[in-house]
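Data first, discussion second: the structure below is written as structure tokens.
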Amino acid sequence: MVLIAHISDFHIGSISFQEQLLLQSIDTINDMAPDVTIITGDLTENGYYMEMEKAAGYIENIKSPLMVVPGNHDARHVGDQCFRELIRDRYGTLQVLNGLKSGLKIMGLDSSEPDLNYGKVGRAQQAWMEEQLDDATQNGMYKIIALHHHIIPVPRTGRERNVLSDAGDILYSIISKNADLVLSGHKHVPHVWMVQNTAFATAGTVSSLKLRGKDPASFNTVIIDDDYIEILLNSADGKTNCLAKYENRCR
């Protein structure tokens, strides 16, 4: 079994940022001791260097291995360059070899465009992602894609404006290459879609008050077994609810 913490949308530097919520969630995650923590962007509000420095400091407190990708807010004001300097490369892979029969491979994508809210993966990253998916398939690994922007519209988020501009092409690659799980953030609303054999899970905001209705700040945890995947919602109020549970039909 593999345990994954999926957190997103810190928005450090925003008036709505709540440090205590982030620290509380980091403590909870460290107590859970996940095999990996995946952060799907918008660590900052404006991409400023000082905001990125603060984000790096919070991230250092997370004890598990990390995959971090940038969001549209992180790409503002030359933030894409700051991200590479202070956080890590904007896309790449991470392998978790324990917990499943053949291990797990996480492919992080940079879907941000400088100073724009909409996202784009682009042909070069798409080709790279397909190569990584093929490699993981050949090695019998569980395949996870992580990016900031959602690929499928999320319910209860109003008029759709910020889905990937090349969502159709990326969705086709993900489905045809049999990715098991796609993790994203951006809309601050947790939700799970199942498309053929691929689960698409969005996380809420872990530390911002940019919330819809009575939704609390939250993060997701993902439990992956050789036979099933379960996605749980962890709210700031301490409650845990099951968002979805599926058989691993690809495996």
Side-chain angles (χ1 to χ4, degrees), residues 1-9 25 28-29 31-41 62 64-69 93-109 129-130 132-155 167 170-187 189-204 206 218-235 239-251:
M1 185 185 78
V2 171
L3 177 64
I4 298 171
H6 173 206
I7 59 178
S8 196
D9 294 82
S25 295
T28 300
I29 290 169
D31 289 342
M32 291 166 50
D35 296 283
V36 61
T37 298
I38 298 175
I39 306 175
T40 52
I62 299 175
S64 59
L66 287 168
M67 166 62 75
V68 189
V69 295
T93 63
L94 178 65
Q95 295 188 22
V96 178
L97 299 178
N98 61 309
L100 295 172
K101 291 177 182 177
S102 301
L104 175 151
K105 187 172 189 177
I106 304 164
M107 291 143 274
L109 302 177
M129 177 188 72
E130 290 177 350
Q132 297 298 323
L133 286 168
D134 285 340
D135 177 75
T137 297
Q138 291 171 8
N139 289 287
M141 304 183 79
Y142 196 92
K143 303 178 288 291
I144 296 179
I145 304 293
L147 74 168
H148 178 66
H149 291 83
H150 54 295
I151 299 174
I152 304 173
V154 181
I170 303 306
L171 181 62
Y172 181 82
S173 292
I174 286 171
I175 298 300
S176 63
K177 297 292 183 179
N178 288 315
D180 295 289
L181 175 63
V182 178
L183 301 178
S184 61
H186 191 49
K187 293 305 275 288
V189 173
H191 188 74
V192 180
W193 290 114
M194 193 72 186
V195 180
Q196 295 189 25
N197 293 319
T198 305
F200 293 77
T202 60
V206 70
S218 64
F219 67 93
N220 293 347
T221 52
V222 183
I223 301 170
I224 302 171
D225 189 84
D226 285 309
D227 299 318
Y228 71 89
I229 172 174
E230 185 173 16
I231 302 168
L232 304 171
L233 174 70
N234 301 266
S235 302
K239 295 180 180 178
T240 301
N241 298 303
C242 180
L243 286 173
K245 186 172 182 178
Y246 299 108
E247 291 181 13
N248 276 343
R249 287 176 282 185
C250 285
R251 302 186 63 78

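None of the values given here were measured: they were computed from a predicted structure.
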Check the pair I170, I145 against side-chain contact (heavy atoms from CB on, under 4.5 Å), reporting the backbone distance first and the verdict last.
-> CA-CA 11 Å; I170 303 306; I145 304 293; over 6 Å; no
Verdict with supporting geometry, V2 and Y142, side-chain contact (heavy atoms from CB on, under 4.5 Å) | CA-CA 10 Å; V2 171; Y142 196 92; over 6 Å; no
Check the pair N197, N178 against side chain to side chain donor-acceptor pair (under 3.5 Å), reporting the backbone distance first and the verdict last.
-> CA-CA 7 Å; N197 293 319; N178 288 315; 4.5 Å; no
Go through the steps to decide whether N234 and S218 satisfy the test side-chain contact (heavy atoms from CB on, under 4.5 Å), and finish with yes or no.
-> CA-CA 5 Å; N234 301 266; S218 64; 5.9 Å; no
Given the rule in the side-chain contact (heavy atoms from CB on, under 4.5 Å) test, do D180 and I144 qualify, once you have shown the distances and angles that lead to the verdict?
-> CA-CA 6 Å; D180 295 289; I144 296 179; 5.7 Å; no
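In this structure E130 satisfies the side-chain hydrogen bond (donor to acceptor under 3.5 Å, both in side chains) test together with S173, sequence neighbours excluded. Evaluation of the side chain to side chain contact (heavy atoms under 4.5 Å, CB included) rule for S184 yields L147, H150, T202 as partners, not counting sequence neighbours. Under the ring pair (Phe, Tyr, Trp, His ring centres under 6.0 Å) criterion, H149 pairs with H186, not counting sequence neighbours.
Taking CD from Q132 and CD from Q95, the interatomic distance works out to 8.5 Å, rounded to the nearest 0.5 Å. The line from CG of L104 to CD1 of I224 is 5.0 Å long, rounded to the nearest 0.5 Å. The distance from the CG atom of N220 to the CG atom of L232 is 8.5 Å, given to the nearest 0.5 Å. Put simply, OG1 on T93 and CG on L109 are 11.0 Å apart, with the number rounded to the nearest 0.5 Å. Note: K143 NZ to T137 OG1 = 3.5 Å, rounded to the nearest 0.5 Å. Distance check: T221 OG1 to I29 CD1 gives 9.0 Å after rounding to the nearest 0.5 Å.
Checking side-chain atoms of D225 against main-chain N and O of D227 turns up a donor-acceptor pair under 3.5 Å. A donor-acceptor pair under 3.5 Å is formed between the side chain of D35 and the backbone N or O of L3. When atom types are taken as modelled, the side chain of H148 and the backbone of T40 share a donor-acceptor pair closer than 3.5 angstrom. The backbone N or O of V154 lies less than 3.5 Å from no partner atom in the side chain of W193, so there is not a single donor-acceptor pair.
Counting only heavy atoms from C-beta outward, the side chains of L243 and P190 approach each other to under 4.5 Å. Contact of the K105 side chain with the N139 side chain is not registered, since no non-hydrogen atoms from C-beta on lie closer than 4.5 Å. Taking the side chain as every heavy atom from C-beta outward, V96 and I4 never approach each other to under 4.5 Å. Within the 4.5 Å cutoff, the side chain of V182 has no heavy atoms near those of the V195 side chain.
Residues T198 and A179 share a closest heavy-atom pair of OG1-O, 2.6 Å. Minimum interatomic distance between V206 and S25 (heavy atoms only, all atoms of both residues): CG2-OG, 3.4 Å. Closest non-hydrogen pair, A201 versus L181, comes out as CB-CD1, 4.4 Å. V36 approaches S64 most closely through the heavy-atom pair C-OG, 4.0 Å. Contact record, F219 with H6: CB-O, 3.5 Å, taken as the closest heavy-atom pair. Of all heavy-atom pairs spanning P155 and V189, the tightest one is O-CG1, 3.8 Å.
The environment of Y228 atom OH is dense: over 12 non-hydrogen atoms of other residues, nucleotides or ligands sit within 6.0 angstrom.
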